[in-house]
Amino acid sequence: MKKLIAVIIMLSTLQLSRSETLQSPDKNFTMDFTLSDKGEPYYSLSYKNIETIKPSKLGFQLKKTTSLLNGFVLKTSTASSFDQTWKPVWGEVKEIRNNYNELLVELFHTETSRTMKIRFRLFNDGLGFRYEFDKQPNLGYFQVHDECTEFALSGNHKAFWIPGDYDTNEYTYTTTQLSEVDASKVDGTGIGTHGFFAKNAVQSPLMLKADNSLYINIFEAALINYPAMQLLINQKDFVLTSSLIPDAIGTKAYMQTPQNTPWRTIIVSDKATDILASKTILNLNEPSKIENTDYIKPQKIIGVWWGMHVPNTMSWDYAHAPNIKLKDTDWNALTPLPQHGASNKNVRRYIDFASEHGFKGVLVEGWNVGWEDWAGNWKEEVFDFVTPYPDFDIKALNEYAHSKGVKLIMHHETSSSVTNYERRIDAAIDVMKKYDYDAVKTGYVGWIIPRGEHHDGQWMVNHYVRIAEKMAANNIMLDSHESVRPTGLHRTYPNWMACEAARGNEFNAWSTGNPPEHETILPFTRLMGGPMDYTPGIFEIKMSYYDPKNTNQVHTTLVKQLALYITMYSPLQMAADLPENYAKHLDAFQFIKDVAVDWDDTHYLEAEPGDYITVARKEKNSDNWFIGAITDENARTATIPLDYLDEKTTYIATIYADAPTAHWQTNPMIYNINRIVVTNKTVLNQKLAASGGVAISLKKATKGETKGLKKY
Ligand code: NOJ
Ligand code: CA
């Protein structure tokens with residue numbers, strides 16, 4: 001039963017008080033709001049009596065009108081509490097408690113007779129606040145030149161950061177003190193669209209570790225009709241200031257009252273595992289707008305996909321045809337390339353493999369005309385999203401897939417010609433409905449059209465939400481690549497299953513790749529806002545397998561690829577490698593076949609950003625548990641207690657472990673699989689190789705099954 005307690009505790013009138021205090025339900029956090037003598041709004045935050053955010057300014061620099069920075073008086077302040085438990089459509093846990101104390105301050109700007117509200121919500125794991133502009137006579141339309149929200153940190157913390165790029169998040173992380181951040185030194189090789197705008201600008205979520213061992217995560221929630229927020233670091237006093245992505249003419253946001261900004265979030269704990277377990281960002285998003293959620297199915301998929309990324313294997317292109325115009329091309333007259341991935345024969349092979357091994361979806365890229373000339377030319381009419389290549393029989397392939405209990409997954413690469421995509425979206429959806437597709441992967445490679453807009457600006461933020469709503473109206477699940485990083489909107493639009501919006505596994509195929517620590521940082525940064533389509537499960541680790549001269553490689557052991565299914569939470573997980581590579585390791589592949597993608601419960605057992613993560617999850621509506629542990633370039637022993645298991649049950653643990661000689665560089669593909677008997681008293685000590693991992697499945701032992709197995 002849902003429980004709602006809203007208590008109005010205090011209501012003060014105009015200027016009676018210029019300072020207010022808010023405490024978290026567990027009293028660990030205290031937030032102070034003050035107006036300075038100049039009428040500037042400030043907030044500060046402490047955790048367990050440790051100053052975490054020093055007095056920090058709030059407000060806006062506006063365009064062409066008086067700004068909202070000072071000259072405020074406090075009109076009213078209202079305190080309330082909230083405690084409600086809700087059930088996500090899918091997620092890491094079955095139920096989420098949304099419990100906070102709230103303070104709403106109403107500020108009156110005397111010079112312009114405008115009202116600006118700030119709503120603070122203090123949870124047991126941190127603070128969220130946003131600005132609210134009601135409809136009012138003196139504030140209808142306005143343009144934001146700069147949001148001036150500050151996060152004044154108490155010291156020169158260690159930061160896990162990527163540059164504050166307007167168009168991409170596809171970077172490896174750099175770990176430095178805040179004073180040493182220099183985005184100009186970061187290597188952007190392999191990234192299609194990139195450019196930094198200030199040496200001291202970083203992307204959010206920003207993960208920080210203070211000298212006093214506090215973990216601090218600064219981000220935003222519910223990014224709607226507003227640009228993404230990055231952070232500018234003052235490298236002398238460690239005050240971070242919000243920095244919004246501008247549009248083509250330099251404006252940050254176009255506002256019309258009533259309108260709210262997204263929430264600004266500060267999640268804090270003395271335990272790194274608490275940061276990973278936080279549900280504050282989800283709680284700050286609106287409940288689901290989708291009534292019928294029956295079609296939304298967490299699932300594992302395979303794809304005619306990795307073959308396009310590894311050397312010499314498959315192509316998106318059907319033929320050799322540079323500099324083509326869509327409408328002038330006779331596709332039937334072209335000679336097909338033998339390596340075209342989306343051919344009838346190859347797609348059937350994938351459907352067969354999916355059906356044989358229990359995968360529900362098969363993504364097929366390169367099915368539609370236009371791939372011969374799609375990237376790098378800032379081309380408007382790049383794809384039509386409706387015309388299949390001559391060797392992709394869309395009707396027959398979908399029928400074949402359905403007859404085998406499999407669905408094809410649509411691919412809409414827009415090449416960032418977003419105007420073109422919006423013009424064609426209805427026709428594209430008609431094709432999906434006709435052939436009964438219920439999932440789409442979108443993509444935004446390249447520079448945005450309208451030219452001059454950015455991937456993370458307000459115009460594009462609105463586009464991504466528009467697409468999520470449109471797909472929801474047609475019962476279609478969405479996975480978006482190169483879109484803005486998520487901010488918990490999957491609570492509101494649970495059909496928006498995953499996004500890429502970070503440096504995925506694919507970089508390992510064609511660039512210097514992702515260093516061993518990468519997957520130990522992503523959950524503290526990019527994944528704070530929602531699931532990532534990371535595409536784990538690569539078994540053939542070295543690209544020299546495809547091309548003897550190629551030195552690229554996946555920077556993990558094979559076993560760490562298995563563990564990623566647990567440590568990188570997503571309701572949509574791909575078994576990304578080629579079917580023929582899985583066929584060589586069917587014993588290890590069994591873990592990918594067994595692992596769940598939707599969970600009743602999650603326990604983060606150990607974590608340190610940049611070093612390691614160990615997590616246990618209980619499968620939705622089942623007694624099965626799965627555990628994943630990963631480490632960076634340093635081998636380590638993971639300590640894995642099992643005290644969350646049912647105390648009356650005996651379990652069989654199947655442990656997929658790095659072999660003693662495994663190492664991500666020298667011997668990445670060597671593993672051992674053991675079955676042992678465990679109970680909730682067991683504590684496993686598991687060795688992980690350099691950039692290795694362990695993946696464990698736990699099932700209730702049936703009668704007689706434990707015979708001959710070692711008890712741990
Ligand atoms: C980049 C995406 O991340 C990748 O998954 C996709 O295959 C290509 N773009 C082509 O759309
Ligand atoms: Ca490390």
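Treat the numbers as computed from the prediction; the structure is a model and nothing was measured. Reckoned from all heavy atoms, side chains included, excluding hydrogens, waters and symmetry mates.
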Donor-acceptor pair, side chain of His481 and main chain of Glu413, under 3.5 angstrom: no
I'd like to know if the side chain of Asn200 and the backbone of Ile233 have a donor-acceptor N/O pair within less than 3.5 Å. yes
Given 3.5 Å as the limit, does a donor-acceptor pair link the side chain of Gln230 with the main chain of Asp165, or not? yes
I'd like to know if Asp598 pairs up with Lys620 as an ion pair, taking the criterion as any Lys NZ or Arg NE/NH1/NH2 lying under 4.0 Å from an Asp or Glu carboxylate oxygen. yes
For Pro205, is there any backbone N or O sitting under 3.5 Å from a side-chain donor or acceptor partner on Arg526? no
Whether the Asn674 and Tyr712 side chains hold a donor-acceptor pair (N or O, under 3.5 Å, no angle test) is what I'd like checked. no
Do the charged groups of Glu608 and Arg636 touch, with an N to O distance under 4.0 Å? no
To the nearest 0.5 Å, what is the distance between OG1 (Thr175) and CG (Asp611)? 8.5 Å
When rounded to the nearest 0.5 angstrom, what is the spacing between CG in Asn346 and CD1 in Ile351? 10.0 Å
Could you check whether the rings of Tyr171 and His194 sit parallel, tilted or perpendicular, using 30° and 60° as the cut-offs? perpendicular
So does Gly693 get a backbone contact from the side chain of Asp658, meaning a donor-acceptor N/O pair under 3.5 Å? yes
Please confirm whether the ring centroid of His357 lies under 6.0 Å from the ring centroid of Phe589. yes
Do you see a donor-acceptor pair shorter than 3.5 Å between the side chains of Thr313 and Tyr546? no
For Tyr444 and Glu500, what are the C-alpha separation, side-chain angles and deciding distance, and is it a side-chain hydrogen bond (donor to acceptor under 3.5 Å, both in side chains)? CA-CA 10 Å; Tyr444 299 87; Glu500 184 192 42; over 6 Å; no
Is there a donor-acceptor pair closer than 3.5 Å between any side-chain N or O of Gln573 and the backbone N or O of Val597? no
Hey, mind stepping through Trp161 and Leu178 against side-chain contact (heavy atoms from CB on, under 4.5 Å) and telling me if it holds? CA-CA 9 Å; Trp161 59 273; Leu178 286 165; over 6 Å; no
From CD1 (Ile275) to CG (Asp125), nearest 0.5 Å: 7.5 Å
Is the distance between the ring centroids of Trp367 and His340 under 6.0 Å? no
Lys360 atom NZ, over 12 foreign heavy atoms within 6.0 Å: no
Residues Gln203 and Asn169: side-chain donor-acceptor under 3.5 angstrom: yes
Give the ring-plane orientation class for His411 versus Trp371, where under 30° counts as parallel, over 60° as perpendicular and anything between as tilted. parallel
Check whether any side-chain N or O of Thr557 sits under 3.5 Å from a backbone N or O of Trp664 as a donor-acceptor pair, and report yes or no. no
Steps toward side-chain hydrogen bond (donor to acceptor under 3.5 Å, both in side chains) verdict (Thr535, Asn505): CA-CA 6 Å; Thr535 62; Asn505 228 354; 4.7 Å; no
Between Ala342 and Val304, the two heavy atoms sitting closest are N-CG1, 4.2 Å
Suppose we call two aromatic rings close when their centres sit under 6.0 Å apart. Are Tyr656 and Tyr671 close by that rule? no
Atom CD1 of Ile521 and atom CD of Glu517: how far apart are they, to the nearest 0.5 Å? 3.5 Å
May I have the step-by-step check of side-chain hydrogen bond (donor to acceptor under 3.5 Å, both in side chains) for Ser204 and Arg485, ending in yes or no? CA-CA 9 Å; Ser204 69; Arg485 74 279 184 282; 2.9 Å; yes
Take Trp599 and Tyr569 through the test side-chain contact (heavy atoms from CB on, under 4.5 Å) and record every step on the way to the result. CA-CA 10 Å; Trp599 310 98; Tyr569 165 67; 3.6 Å; yes
Drop me the distance from Trp306's CH2 to Glu540's CD, to the nearest 0.5 angstrom. 11.0 Å
Is it true that Asp352 and Lys404 have a side-chain N and a carboxylate O under 4.0 angstrom from each other? yes
OG1-CD1 distance between Thr567 and Ile627, expressed to the nearest 0.5 angstrom: 13.0 Å
Assess whether a salt bridge exists between Arg349 and Glu580, defined as any Lys/Arg side-chain N lying under 4.0 Å from an Asp/Glu carboxylate O. yes
Tyr644 ring center within less than 6.0 Å of Trp625 ring center: yes
Is it true that atom CG of Asp211 has more than 12 heavy atoms of other residues, nucleotides or ligands lying nearer than 6.0 Å? no
Pair Lys699, Asp594 - check side-chain contact (heavy atoms from CB on, under 4.5 Å), show working. CA-CA 11 Å; Lys699 294 189 177 159; Asp594 290 343; 3.8 Å; yes
More than 12 heavy atoms of other groups within 6.0 Å of Lys584 NZ: yes
Note: Glu519-Lys560 ion pair, threshold 4.0 Å (strictly below): yes
Test Asp167 against Thr193 for side-chain hydrogen bond (donor to acceptor under 3.5 Å, both in side chains), laying out the working first. CA-CA 6 Å; Asp167 284 282; Thr193 44; 5.3 Å; no
